[in-house]
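Chain letters run A, B, ... following the sequence lines, proteins first and then strands; every chain starts at 1.
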Amino acid sequence: MAKVLTPRAEDYSQWYNDIVKKAQLAENSAVRGCMVIKPTGYAIWENMKSQLDRMFKDTGHVNAYFPLFVPKSLFEAEEKNAEGFAKECAVVTHYRLRNNPDEKGKLMVDPDARLEEELVVRPTSEAIIWNTYKNWINSYRDLPLLINQWANVVRWEMRTRLFLRTAEFLWQEGHTAHATKEEAIEETKMILDLYADFAENYMAMPVIKGVKTANERFAGADDTYTIEALMQDGKALQAGTSHFLGQNFAKAFEVKFSNSNNKEEYVWATSWGVSTRLMGGLIMTHSDDDGLVVPPKLAATQVVIVPIPKPKDEIDEVAERIMVELKAKGVSVKYDRDAKKRPGFKFAEHELKGVPVRLGIGMRDLEKGVIEVARRDTKEKNSIPVDGVVDHVVQLLDDIQNNLFNKAKAYRDSHITKADSMEEFKSILEEKGGFILAHWDGTTETEIKIKELTKATIRCIPLDNEKEAGQCILTGKPSEQRVLFAKAY
RNA sequence: CGGAAUGUAGCGCAGCCCGGUAGCGCACACGCCUGGGGGGCGUGGGGUCGCAGGUUCAAAUCCUGUCAUUCCGACCA
């Protein structure tokens with residue numbers, strides 16, 4: 001079979017780029033660093049989105065929409081946040097073009113149309129949202145305020161990669177306001193659990209929940225919680241973050257409420273988000289050298305039926321019947337009834353696009369009363385009696401979902417290694433990759449030094465961490481627990 | 001934003017050094033044969049050679065600039 005993708009072992013980055021393009025998930029656009037998400041890719045994102053949206057709503061959140069532009073004066077109100085994002089902001093300075101008198105048919109920015117105040121294209125929406133919340137919150141009766149928005153944001157990245165880091169990306173950002181610190185922290189952690197649940201049970205991507213160090217924390221947050229996943233090349237991917245913002249934004253935007261004793265207090269805030277980056281995580285967690293592998297719960301098409309060698313009345317009849325029955329059970333199914341393409345070509349094509357289950361219906365099999373059922377995750381093929389094929393497929397989709405998670409988890413678990421010295425740390429990083437648990441003295445200085453020496457960063461301090469006395473691998477200073485290091489995307 | 005490489009048909013590439021008719025494979029269209037893992041033969045269509053300048057009788061080819069992509073670094077979700 002002709003290989004369409006660069007094998008992972010040969011060049012992992014190239015494999016990733018190949019798969020995004022060949023499976024038609026996305027492509028580069030005419031705008032530097034910005035991608036076009038193609039229908040095949042967008043369908044998966046839509047599935048992610050609708051599931052997450054359901055989960056947000058089930059936990060009491062509602063959707064709203066805030067503007068793309070943030071006046072500079074609002075943007076700079078929360079200083080740390082502004083400083084953190086300043087270097088990567090796109091800024092609108094003019095509101096009009098005009099014909100260029102020197103070059104016919106060309107346009108130029110109208111110098112007379114300079115904006116009084118520049119508009120920052122949102123890299124995140126805290127500023128505009130908190131400036132709005134100020135007007136919405138007066139009393140403890142207005143709290144909690146639990147709002148999510150689905151939006152695009154822009155961060156002017158120097159180096160971009162499809163899905164993993166693009167200048168514009170799609171995400172959801174939740175912004176909540178609470179009367180007490182405890183309640184806000186609870187919200188932050190609840191969302192972290194929700195993200196982990198989504199990652200593991202829908203994306204089949206195991207994650208480690210943890211807290212970011214001060215150095216890796218979101219600008220403007222008191223605490224950043226994260227879910228960290230491990231990709232097949234041994235690099236970590238930050239898949240989602242949930243921030244406890246304390247009263248930082250409330251103070252910056254004067255968001256106060258009267259408590260039940262009629263005393264004024266600043267509200268407590270959270271924000272949290274996951275983005276189209278999850279698509280990158282999905283690809284790099286499950287896919288192989290033959291193409292994309294999509295967990296059934298997120299697949300746009302869960303089952304494809306291929307007539308062998310080509311459509312024929314008898315085959316069509318069986319296919320139609322199976323489709324009706326599968327659809328009745330909530331399974332999305334397509335019949336690839338294209339007489340011009342040969343079965344071998346179709347097999348390869350659907351494998352490249354990651355369809356979880358393929359049914360091959362041919363006359364030879366039908367005479368024996370069976371259908372060939374092929375699963376994408378293991379490439380296993382079985383002959384299943386026609387009568388039982390629908391139930392078999394429903395069960396199989398479930399098995400595939402579980403198998404993908406278990407396989408990813410086994411890989412992840414076998415790539416968490418303890419290191420007790422810098423030498424050990426470096427050799428694990430070079431030879432094996434993955435997560436490394438090591439003692440750290442708790443200072444930003446040491447963290448940065450380790451990054452300079454090894455390129456590895458502290459991904460998080462795992463929430464379920466065991467306490468264990470030890471010595472920092474760099475400075476030898478005392479440490480009370482190991483933290484999770486890795487090279488990261 | 002610094003270093004390197006690349007940009008020629010939808011995709012992958014040759015041609016460039018040494019200036020002179022724009023080529024190959026795949027894909028595409030049509031026909032015939034085929035048909036259980038990316039078929040075979042035949043015929044055919046498709047090009048502002050990334051873009052803008054310059055040198056020259058003549059530029060895909062030489063020069064300058066610019067844009068984009070990939071990789072490496074710094075930065076970042």
Side-chain angles (χ1 to χ4, degrees), chain A residues 1-6 11-18 20-22 24 27-35 84-89 103 106 123-124 153-173 195 212 215-219 221 224 226-229 236-243 271-281 290-291 306-312 315 339-352 358-368 370-372 374 379 381 383 448 451-452 455 457 459 488-489:
Chain A
M1 178 163 67
K3 292 284 177 195
V4 176
L5 306 175
T6 305
D11 185 342
Y12 192 84
S13 300
Q14 194 54 50
W15 167 82
Y16 176 82
N17 294 336
D18 284 354
V20 171
K21 280 178 193 140
K22 299 285 171 55
Q24 293 179 39
E27 62 189 34
N28 285 305
S29 68
V31 192
R32 179 199 171 83
C34 295
M35 65 179 164
F85 284 108
K87 294 187 299 275
E88 44 187 343
C89 286
E103 245 182 309
K106 302 281 183 183
T124 179
V153 288
V154 170
R155 296 181 187 175
W156 212 260
E157 297 292 344
M158 289 298 126
R159 201 172 158 189
T160 60
R161 292 195 69 190
L162 294 170
F163 291 119
L164 294 171
R165 175 167 288 107
T166 45
E168 178 194 19
F169 57 90
L170 305 184
W171 76 346
Q172 57 69 215
E173 45 181 327
Y195 284 160
K212 288 289 188 186
N215 185 46
E216 295 272 332
R217 192 181 288 155
F218 174 70
T224 288
T226 178
I227 50 170
E228 297 284 328
L237 182 81
Q238 178 176 308
T241 47
S242 183
H243 314 290
S271 72
W272 27 274
V274 294
S275 72
T276 35
R277 178 179 241 204
L278 287 179
M279 290 287 293
D290 294 319
V306 178
I308 298 170
K310 58 181 176 181
K312 195 174 168 160
I315 293 173
K340 291 185 187 104
K341 287 180 183 140
R342 306 161 70 86
F345 183 87
K346 291 178 183 176
F347 295 171
E349 198 66 17
H350 295 303
E351 277 163 14
L352 179 63
R358 182 185 72 235
L359 303 182
I361 307 182
M363 289 312 292
R364 291 217 293 269
D365 281 349
L366 279 187
E367 276 157 24
K368 285 182 274 180
V370 298
I371 284 177
E372 182 184 86
K379 298 294 201 68
K381 288 193 276 197
S383 290
I448 291 172
K451 185 184 174 185
E452 276 170 17
K455 308 253 157 77
T457 50
R459 303 320 303 153
Y489 275 97

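You'll find a donor-acceptor pair under 3.5 Å spanning the side chain of A:Glu351 and the base of B:G37, going by distance alone.
Of the listed nucleotides (B:G38, B:G37, B:C75), B:C75 has the atom at the smallest distance from the side chain of A:Lys451. In the set B:G36, B:A77, B:G37, the nucleotide with an atom closest to the side chain of A:Ser275 is B:A77.
Across all strands shown, A:Leu237 has no heavy atoms under 4.0 Å from either base or sugar-phosphate atoms. Using a 4.0 Å heavy-atom criterion, one finds that A:Thr166 contacts the bases of the nucleic acid, with or without backbone contacts as well. A:Glu157 comes within 4.0 angstrom of a base, heavy atoms only. Among the protein residues, A:Phe169 comes within range of the nucleic acid bases, having at least one heavy atom under 4.0 Å from a base atom.
B:C51 and B:U69: their C1' atoms are spaced 15 Å apart (whole Å). Here the separation of B:G19 from B:G38, taken at their C1' atoms, is 42 Å to the nearest Å. Separating the C1' atom of B:C30 from that of B:A68 is a span of 37 Å, rounded to the nearest Å. Taking atom C1' in both B:C28 and B:A9, the straight-line distance is 11 Å, to the nearest Å. As rounded to the nearest Å, B:U56 and B:G3 have P atoms that lie 32 Å from one another. B:G12 and B:U34 are spaced 28 Å apart, taking the C1' atom of each and rounding to whole Å. On the P atoms, B:U55 is 34 Å away from B:C13, given to the nearest whole Å. Straight-line distance between the P atoms of B:G40 and B:A27: roughly 8 Å, to the nearest whole Å.
The OG1 atom of A:Thr276 lies 4.0 Å from the CE atom of A:Met35; values are rounded to the nearest 0.5 Å. A distance of 3.5 Å separates NZ in A:Lys379 from CG in A:Asp290, rounded to the nearest 0.5 Å.
Spacing between atom CG of A:Asn215 and atom C1' of B:C75 amounts to 12 Å, rounded to whole angstrom units. Atom CG in A:Leu5 sits about 14 Å away from atom C1' in B:C11, given to the nearest Å. What separates CZ of A:Phe347 from P of B:G38 is a distance of 10 Å, to the nearest Å. Atom CD in A:Glu216 sits about 12 Å away from atom C1' in B:C75, given to the nearest Å. Rounded to whole Å, atom P of B:C26 lies 14 Å from atom CZ of A:Phe345. Between the P atom of B:A77 and the CZ atom of A:Arg277 lies a distance of 8 Å, rounded to the nearest Å. What separates NZ of A:Lys381 from C1' of B:G37 is a distance of 6 Å, to the nearest Å. Between the NZ atom of A:Lys87 and the P atom of B:G2 there is a distance of 17 Å, given to the nearest Å.
Between A:Tyr12 and A:Trp15, the two ring planes are tilted [angle within 30° to 60°]. Ring geometry, A:Tyr195 versus A:Trp272: the interplanar angle exceeds 60°, so the pair is classed perpendicular (tilted spans 30 to 60°).
Judged by the 6.0 Å distance and 45° axis criteria, A:Arg358 is positioned over the aromatic ring of A:Phe347.
If A:Ala374 and A:Lys22 are placed on RNA chain B by their nearest nucleotide, the residue sitting closer to the 5' end is A:Lys22.
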Enumerate the protein-to-nucleotides 66-74 of chain B contacts in which both atoms are nitrogen or oxygen and the separation is below 3.5 Å.
{"residue": "B:U69", "atom": "OP1", "partner": "A:Gly33", "partner atom": "N", "Å": "3.1"}
{"residue": "B:C72", "atom": "OP2", "partner": "A:Arg159", "partner atom": "NH2", "Å": "2.3"}
{"residue": "B:G73", "atom": "N7", "partner": "A:Arg159", "partner atom": "NH1", "Å": "3.4"}

Give me the distances for all protein-to-nucleotides 33-35 of chain B N/O pairs that come in under 3.5 Å?
{"residue": "B:U34", "atom": "O2", "partner": "A:Arg342", "partner atom": "NH1", "Å": "2.8"}
{"residue": "B:G35", "atom": "O6", "partner": "A:Lys310", "partner atom": "NZ", "Å": "2.4"}
{"residue": "B:G35", "atom": "N1", "partner": "A:Lys310", "partner atom": "NZ", "Å": "3.3"}
{"residue": "B:G35", "atom": "N2", "partner": "A:Ala339", "partner atom": "O", "Å": "3.4"}

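Partners of A:Ser271 by side-chain hydrogen bond (donor to acceptor under 3.5 Å, both in side chains), not counting sequence neighbours, listed by chain and number: A:Glu126. When the side-chain hydrogen bond (donor to acceptor under 3.5 Å, both in side chains) test is applied to A:Arg459, the partners found at least two apart in sequence or on another chain are A:Glu228, A:Thr457. Applying the salt bridge (Lys or Arg N to Asp or Glu O under 4.0 Å) criterion to A:Lys310, with sequence neighbours excluded, gives no partner residue. The salt bridge (Lys or Arg N to Asp or Glu O under 4.0 Å) test applied to A:Lys312 returns no partner, not counting sequence neighbours.
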Show, in sequence, the C-alpha distance, side-chain angles and deciding distance for A:Gln24 and A:Leu352, and conclude whether the side chain to side chain contact (heavy atoms under 4.5 Å, CB included) test is met.
CA-CA 9 Å; A:Gln24 293 179 39; A:Leu352 179 63; over 6 Å; no
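Exactly one of A:Val153, A:Val274, A:Leu278 qualifies for a side-chain contact (heavy atoms from CB on, under 4.5 Å) with A:Trp171. That residue is A:Val153.
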